[in-house]
Amino acid sequence: MLKIYNTIARDKQVFTPIVAGKVSMYVCGMTVYDYCHLGHARVMVVFDMVNRWLRTSGYDVTYVRNITDIDDKIIKRANENNETIAQLTQRFIDAMDEDSAKLGVIRPDIEPKATEFVGGMLSMIATLIDKGFAYSASNGDVYYAVNNFEGYGKLSGKSLDDLRAGERVEVDTHKKDPMDFVLWKAAKPNEPSWDSPWGKGRPGWHIECSAMSSHHLGQQFDIHGGGQDLQFPHHENEIAQSEAAHSHDGKPCQMVNYWMHNGFVRVDDEKMSKSLGNFFTIRTVLEKYDAEVVRFFILRAHYRSPLNYSDQHLDDAKQALTRLYTSLRGLPIPDAAIDWEQPQAASFKAAMDDDFNTPEAFAVLFDLANELNKTRSLDTAALLRGLAGIVGLLQREPNSYLQSSPALEVVSGNTFDVDALIVLRNEAKKAKNFAEADRIRKELAEVGIVLEDSSQGTIWRRA
RNA sequence: GGCGCGAUAGCAAAGCGGUUAUGCCGCGGCCUGCAAAGCCGUUUAGACCAGUUCGACUCUGGUUCGCGCCUCCA
């Protein structure tokens, strides 16, 4: 029985889908004006894990993750680069796809782009005006009237009074209430724009997600996810828009049943973000670390906990993953369906069902590795690989992981003939010339290659 | 200022009102020509102060510290 921590309830709740056997899930994706950083990687990997576990649990999942391809930063960046908006966004969409594929992320079923849904946004805005939840201002903007939506603040736990008291932005005189937010922005000179009943302009950020989620998943859907920082105002505003627009006879239509928010990636205990400038892009990290190590690093912490990034932590994750792959090395592992009655499989399932407790599930993986190291049982190996596969890990040939690393490629190039040196060393060993044997081993160690002698012969791995 | 989250061993990170989390590192042993890997064993915990309880890391209250949101942000 799956339980999910529902942000809006501030509690773990038993997951019951709207339609038995089916799950509709929407996750706020990226604004594509730059390369993705590790914070984005966490969203992609975490909800990929959620998607995989739901499917493993037998649900027919429709997973939507949007792409924001029009916004201030995109316009600004395109101008700076002297390229069109379409060129810029496509470039970074391609980069994002490349990064996420490396991280083992299964593509969402639907990846709608904001610019392809302007029509839907316009009709939603019109509906909101009709129902009295929005108004067009004299400056050509259209605003949402937060006062008219009774539940405003229910997701983030904020009250309008508190929000107004903490208001740090100068009051825009075009707004009726300082907390009103923009649905449609009047076009400024040299900006891309769409025609609308309120003049040329472009959509605000929040309305994009309301329009795209309802188009693909309906007025009410099961799970909505995103980073913790989107809780307010983005998701709060989505609720206000969608529930007001879809209201019947004045009664709001509940938009989402389960709100999920993943924790931040931090650097030195501070949130990793563009504005702080303390971010590491995925591709930078992948120059040094295997993508599977990064995935393992992200999933070994609970998705709601903060996750500190540092080389030391990545090194730690690398060692741990090495232990797992080492246990599988050299075994002809059969493909076998997972027997969920099996105690370890049951523990794994219990952990995953408890709000996707991957750290606890991973502990089961290490138990299996320990057992496997003792027994060399192919059943155990199959179970370990099978369970890990559910969260997108351990699917490679062990040596593909153990004998490769971005760092090793840089150091050794393709010129190092490890096998030949192993042969030489074994001849030296046979002749009891241990000084020579150790010299060869040391030479390899210096380029990051570790030799291991066993009854099966000598094998190597990267350090 | 308002709202919220957190504080677990050298590092990372979970569960749990009483019984080994787990990984990395360290230490001892086995194995090995020596190593490595592996196995066995092992040292380090629960910020602080009260309370509830037969018993609290786990529940309650308070204190201190850290983080996040309140502005674009995954």
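First the proteins, then the strands, lettered A, B, ... as listed; each starts at 1.
With a 6.0 Å cutoff to the six-membered ring centre and a 45° limit on the axis angle, Arg77(A) does not count as a cation-pi contact of Phe92(A). A cation-pi arrangement is present between Lys158(A) and Phe232(A) under the rule of less than 6.0 angstrom and at most 45 degrees off the ring axis.
Within 4.0 Å (heavy atoms only), Met272(A) reaches at least one base atom of the nucleic acid. In this structure, Asp453(A) reaches the bases: a heavy-atom distance under 4.0 Å links it to at least one base atom across the strands shown. Looking at heavy-atom distances under 4.0 Å, Arg266(A) makes contact with sugar-phosphate atoms alone, never a base. Residue Gly263(A) is in base contact, counting any heavy-atom pair closer than 4.0 Å across all strands shown. Within 4.0 Å (heavy atoms only), His302(A) reaches sugar-phosphate atoms of the nucleic acid but no base atom. No contact: Asp72(A) has no heavy atom under 4.0 Å from any strand. At the heavy-atom level, Asp269(A) lies under 4.0 Å from the strands shown only through sugar-phosphate atoms. Residue-level contact check: Arg376(A) touches neither bases nor backbone, having no heavy atom under 4.0 Å from any strand. Counting any heavy atom pair closer than 4.0 Å across all strands shown, Gln319(A) reaches sugar-phosphate atoms only and no base atom. Counting non-hydrogen atoms under 4.0 angstrom, Ala363(A) reaches a base of the nucleic acid. Within the nucleic acid shown, Lys429(A) comes within 4.0 Å of at least one base atom, counting heavy atoms only. If you check every strand for non-hydrogen atoms under 4.0 Å, Val265(A) touches a base. Counting any heavy atom pair closer than 4.0 Å across all strands shown, Phe434(A) reaches a base atom.
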Could you give the side-chain donor-acceptor pairs of residues 99-106 of chain A under 3.5 Å, partners two or more places apart or in another chain?
residue, atom, partner, partner atom, Å
Asp99(A), OD1, Arg283(A), NE, 3.4
Asp99(A), OD1, Arg283(A), NH2, 3.1
Ser100(A), OG, Met96(A), O, 3.4
Ser100(A), OG, Asp97(A), O, 3.4

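Searching all strands for a Watson-Crick or G-U wobble partner of rG51(B) with both distances below 3.5 Å returns rC59(B). rG23(B): Watson-Crick or G-U partner is rC11(B), with both key distances under 3.5 Å. Pair assignment for rG33(B) gives none, since no Watson-Crick or G-U wobble pairing has each distance under 3.5 Å. Using N1 to N3 plus N6-O4 or O6-N4 for Watson-Crick, or N1-O2 and O6-N3 for G-U wobble, each under 3.5 Å, rU43(B) pairs with nothing. Nucleotide rA74(B) forms no Watson-Crick or G-U wobble pair with any nucleotide shown, as no partner meets the under 3.5 Å limit on both distances. Figure legend. rG6(B) is base-paired to rC65(B); pairs are counted as Watson-Crick or G-U wobble with both atom distances under 3.5 Å.
Aromatic pair Phe181(A)/His206(A): centroids less than 6.0 angstrom apart.
Here, rA74(B) and rA36(B) have their C1' atoms 41 Å apart, quoted to the whole Å.
Of the N and O atoms on the side chains of Asn373(A) and Ser327(A), not one donor lies less than 3.5 Å from an acceptor on the other residue.
Applying the 4.0 Å criterion to OP1 and OP2 of rA14(B), one finds that Asn357(A) has every side-chain N and O outside that range.
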